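Right, one structure below, let's go through it.
In this text the structure is predicted, and so the values were computed from the model without any measurement. Just so you know, residue 1 is the first one in the sequence shown, and it goes up from there.
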Amino acid sequence: MAKEIETLVAEVRTGTGKGAARAARREGKVPGIVYGDGKEPLAINLDYNKLLTRLRKGRFLSTLFNLHIDGQDDVRVICRGVQKDVVKDLPTHIDFMRTHRASRINLFIHVNFDNAEASPGLKRGGTLTIVRPEVELEVLAGDIPDHITVDLTGRNIGDVIHIQDIPLPEGCKPTIDRNFVVANIAAPSGLVSADHAEE
């Protein structure tokens with residue numbers, strides 16, 4: 001279930017501060033920083049166009065990357081923040097945190113809903129209302145699930161699906177202690193009107 005790790009290519013940024021960051025942007029680079037795992041922070045630059053393409057693919061903040069920098073050992077990183085231009089909504093700076101396989105990190109994981117055709121409630125015209133399309137889980141950096149799955153088999157109108165109803169991959173646990181709602185199956189508006197008419 002764990003994803004194949006994508007590689008991001010970066011280069012060491014010489015000089016720090018706003019001047020160096022502005023110079024990097026003029027050259028079509030996005031400045032960034034890599035920190036954590038007990039090592040010194042490292043200033044880097046990433047190719048603007050490649051980064052933008054990858055950001056638009058989605059799930060950037062929940063993906064573990066292999067960061068490749070010439071002349072250095074590759075390192076596993078997770079993005080901890082993307083600063084964007086407030087007007088253009090384009091990346092201006094990026095923060096990465098170093099991890100290792102045993103690191104436990106909090107990530108938003110996508111929720112898939114399967115077997116809609118086996119749900120009596122949906123067959124009757126009920127609507128699947130998704131409260132949380134992503135759920136924040138504490139996961140192992142070396143084994144990040146691509147998604148978690150809700151099985152809709154047998155679900156009826158009025159059924160509420162809580163986090164504790166969803167089987168989570170080994171080593172994963174919700175970051176919130178309470179049994180929160182992920183989705184429910186609501187009655188179609190026509191059925192609600194008919195029920196009121198009968199009353």
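- Criterion: ILVMFWY side-chain heavy atoms under 4.5 Å apart, direct or through other members. Under it, Leu137 and Val131 are not part of a common hydrophobic cluster.
- Annotation: side chain to side chain donor-acceptor pair (under 3.5 Å) contacts of Asp73 (sequence neighbours excluded): none.
- Pro31 approaches Ala21 most closely through the heavy-atom pair CG-CB, 3.9 Å.
- Within the structure, ring pair (Phe, Tyr, Trp, His ring centres under 6.0 Å) contacts touching residues 73-125 (residues at least two apart or in different chains) do not occur.
- Here the closest non-hydrogen pair linking Pro188 and Gly125 is CB-O, 3.1 Å.
- Hydrophobic cluster membership differs between Val181 and Val150, with clusters built from Ile, Leu, Val, Met, Phe, Trp and Tyr side chains linked at under 4.5 angstrom.
- Put simply, Phe180 and Ile166 are part of the same group of oily side chains (I, L, V, M, F, W, Y) that touch within less than 4.5 Å, one to the next.
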>> Using the rule given for side chain to side chain contact (heavy atoms under 4.5 Å, CB included), can you reason through Thr92 versus Val30, listing the C-alpha separation, both sets of side-chain angles and the distance that settles it, and then say yes or no?
In response: CA-CA 6 Å; Thr92 57; Val30 178; over 6 Å; no

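- Of all heavy-atom pairs between Ile109 and Ile148, the closest is CG2-N, 4.0 Å.
- For the pair Leu64/Thr99, a side-chain contact is recorded, criterion being any heavy-atom separation below 4.5 Å from C-beta on.
- By the side-chain contact (heavy atoms from CB on, under 4.5 Å) test, Thr7 is found to be paired with Val9, Asn66, His68, residues two or more places apart in sequence or in another chain being considered.
- When the side-chain contact (heavy atoms from CB on, under 4.5 Å) test is applied to Leu52, the partners found at least two apart in sequence or on another chain are Tyr48, Arg56, Leu90, Pro91.
- Here the closest non-hydrogen pair linking Val139 and Cys172 is CG1-SG, 3.6 Å.
- Note: the hydrophobic cluster containing Leu55 also contains Val34 (ILVMFWY, side chain heavy atoms under 4.5 Å, direct or indirect links).
- Residues satisfying the side chain to side chain donor-acceptor pair (under 3.5 Å) test with Gln72, not counting sequence neighbours, are none.
- Formation of a donor-acceptor pair under 3.5 Å by the Arg13 side chain with backbone atoms of Ile44 is found in this model.
- Note on Leu46: it clusters hydrophobically with Val75, by side-chain heavy-atom contacts below 4.5 Å among ILVMFWY residues.
- Under the rule for a side-chain contact (heavy atoms from CB on, under 4.5 Å), the partners of Asn49 that lie at least two apart in sequence or sit in another chain are Asp47.
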Between side-chain atoms of residues 152-160 and protein atoms elsewhere (two or more places apart, or another chain), which donor-acceptor pairs fall under 3.5 Å?
residue, atom, partner, partner atom, Å
Thr153, OG1, Asp151, OD1, 2.7
Asp159, OD2, Asn156, N, 2.8

>> Set out, in order, the CA-CA distance, both residues' side-chain angles and the distance that settles side chain to side chain contact (heavy atoms under 4.5 Å, CB included) for Ile33 and Leu42, then state yes or no.
In response: CA-CA 6 Å; Ile33 193 97; Leu42 177 68; over 6 Å; no

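- The line from CD1 of Ile5 to CG of Asp74 is 10.5 Å long, rounded to the nearest 0.5 Å.
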Which side-chain N or O atoms in residues 76-83 pair as donor and acceptor under 3.5 Å with protein atoms at least two apart or in another chain?
residue, atom, partner, partner atom, Å
Arg80, NH2, Asn106, O, 3.3

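- From Ile163, atom CD1 reaches atom CG of Leu168 across 5.0 Å, with rounding to the nearest 0.5 Å.
- Screening residues 19-29 for salt bridge (Lys or Arg N to Asp or Glu O under 4.0 Å) gives Glu11-Lys29 as the qualifying pairs, with residues at least two apart or on separate chains.
- Within the 4.5 Å cutoff, the side chain of Arg98 has no heavy atoms near those of the Leu67 side chain.
- Qualifying salt bridge (Lys or Arg N to Asp or Glu O under 4.0 Å) partners for Arg54, counting only residues two or more places apart in sequence or in other chains: Glu6.
- Summarising the geometry, atom OG1 belonging to Thr63 is positioned 7.5 Å from atom CD1 belonging to Ile144; distances are rounded to the nearest 0.5 Å.
- With a 4.5 Å cut-off on side-chain heavy atoms, Asp146 and Arg59 count as touching.
- Listed here is the closest heavy atom pair of Leu122 and Ile185: CD2-CG2, 4.2 Å.
- Rounded to the nearest 0.5 Å, atoms CD (Glu134) and CD (Glu136) are 10.5 Å apart.
- Considering all non-hydrogen atoms of both residues, Thr14 and Ala20 come closest at O-CB, 4.0 Å.
- With sequence neighbours left out, Phe60 forms a ring-ring contact (aromatic ring centres under 6.0 Å, His included) with Phe65.
- The distance from the CG atom of Leu107 to the CG atom of Leu61 is 8.5 Å, given to the nearest 0.5 Å.
- With sequence neighbours excluded, the residues forming a salt bridge (Lys or Arg N to Asp or Glu O under 4.0 Å) with Arg104 are Glu138, listed by chain and number.
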